[in-house]
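Input: a single structure, listed below in structure tokens.
Every value quoted in this text rests on a predicted model; they were computed, and no experiment measured them. Numbered from 1 within each chain, the chains take letters A, B, ... in sequence-line order.
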Amino acid sequence: MWGKEDYLLNFLILFQRLIAKNVKLTHLGLENVKTLCAVDVAYDREEGYAVAVKQEGDKIEYKITKGKVTFPYIPGFLFMREAPIMIKAIEGYQCDLLLVDGHGLAHPRKSGIATVIGVLLDIPTMGIAKSKLAGDIVEENGIYYVVINGEKVGVKAGKYFYSPGNKTDLQDVIEMSKRGYPEILKIADKLSKQAKKDKNMSSDYKIW
DNA sequence: GCGACAG
DNA sequence: ATCTTGTCGC
């Protein structure tokens, strides 16, 4: 039903080009980030459990959103599967920066899920992925850049890939990569996987 | 045709 | 992502 030759994918490519055209690669400056957020999703068949985690100083809170996720995972089009529920999960949270599990600019059309969410919500986002989707790794002055079409679109640090989503730049992701894999993403991952196990959860607001 | 391919 | 035991390594 969702073949590569499907006209829908051609349409989605047009959508991604529009998103890429509207990306703002401005410098955020991690020192200005007081409220940091992250989102991740876990699955149980067709049931998706998205968790948005918000951190401000020592205060950490999170919100769980459960919902049907039927669109399949297609490399390059992850946003169609996870962006809807992620956006729903982050709803109501005001953050200086949102970390998304996946790529941002380090995408064939510079339109990874972190970029799509950032542009649609007009907020600063950064994509952090556990594996590569596209590009070559080129070392320069100790930094391993992800290069696509001769352009530096992100960096690789350890086993993770960092790339700007929206309203962030290469310097921001380089700084973030030097801090190591964000604890808040580990929390989001852990909570989402925990949520799908707890069959009797209330799918809403909780605080630590 | 062959290899690559976020979660 | 998810299915899954023991096991190699820091």
Dot-bracket line, read 5' to 3' along DNA chain C, where crossing pairs take [ ] and | marks a partner on another strand, Watson-Crick or G-U under 3.5 Å: ..........

Anything under 3.5 Å between a donor and an acceptor, one on a side chain of residues 128-135 of chain A, the other on a protein residue two or more places apart or in another chain? List them.
residue   : atom : partner   : partner atom : Å
Lys130(A) : NZ   : Asp101(A) : OD1          : 3.2
Lys130(A) : NZ   : Asp101(A) : OD2          : 2.8
Lys132(A) : NZ   : Gly135(A) : O            : 2.9

Heavy-atom closest pair, residues His107(A) and Gly76(A): NE2-O, 2.9 Å

Pairs meeting criterion salt bridge (charged side-chain N to carboxylate O under 4.0 Å, His left out) with involvement of residues 12-23 of chain A, two or more places apart: none

N/O donor-acceptor pair under 3.5 Å between Thr168(A) side chain and Met126(A) backbone: no

Sequence neighbours excluded - salt bridge (charged side-chain N to carboxylate O under 4.0 Å, His left out) pairs with any residue from residues 27-41 of chain A: none

Length of the line joining Glu47(A):CD and dA1(C):C1', which is rounded to integer Å: 15 Å

Closest non-hydrogen atom pair, Ala106(A) against Val146(A): CB-CG1, 4.2 Å

Crowding at CG, Asn32(A) (>12 non-hydrogen neighbours, <6.0 Å): yes

Selection: residues 169-181 of chain A, any non-hydrogen atom under 4.0 Å of DNA chain B: none

Touch class at under 4.0 angstrom, heavy-atom based, for Ala106(A) against every strand present: nothing

Pairs where residues 171-183 of chain A contributes a residue and the test salt bridge (charged side-chain N to carboxylate O under 4.0 Å, His left out) is met, not counting sequence neighbours: Glu183(A)-Lys186(A)

Stems where DNA chain B pairs, listed by first number, each of three or more Watson-Crick or G-U pairs under 3.5 Å: none

Protein-nucleotides 5-10 of chain C N/O pairs closer than 3.5 Å?
none

In residues 154-161 of chain A, what donor-acceptor pairs under 3.5 Å come from side-chain atoms, sequence neighbours left out?
residue   : atom : partner   : partner atom : Å
Lys156(A) : NZ   : Gly158(A) : O            : 2.6

Nucleic acid footprint by protein, nucleotides 1-7 of chain B - heavy-atom cut-off 4.0 Å, B for base, S for sugar-phosphate alone: ----BBB

Tyr49(A) six-ring centre to Lys66(A) NZ/CZ under 6.0 Å and within 45° of normal: no

Heavy-atom closest pair, residues Leu121(A) and Ile87(A): CD2-CG2, 4.1 Å

Heavy-atom neighbours of Tyr144(A) OH exceed 12 at 6.0 Å: no

ring-ring contact (aromatic ring centres under 6.0 Å, His included) against Phe15(A), all qualifying residues, sequence neighbours excluded: Phe79(A)

Residue from Leu97(A), Ile90(A), Leu98(A) passing side chain to side chain contact (heavy atoms under 4.5 Å, CB included) with Ile123(A): Leu98(A)

Pairs touching residues 79-96 of chain A that satisfy salt bridge (charged side-chain N to carboxylate O under 4.0 Å, His left out), sequence neighbours left out: Lys88(A)-Glu91(A)

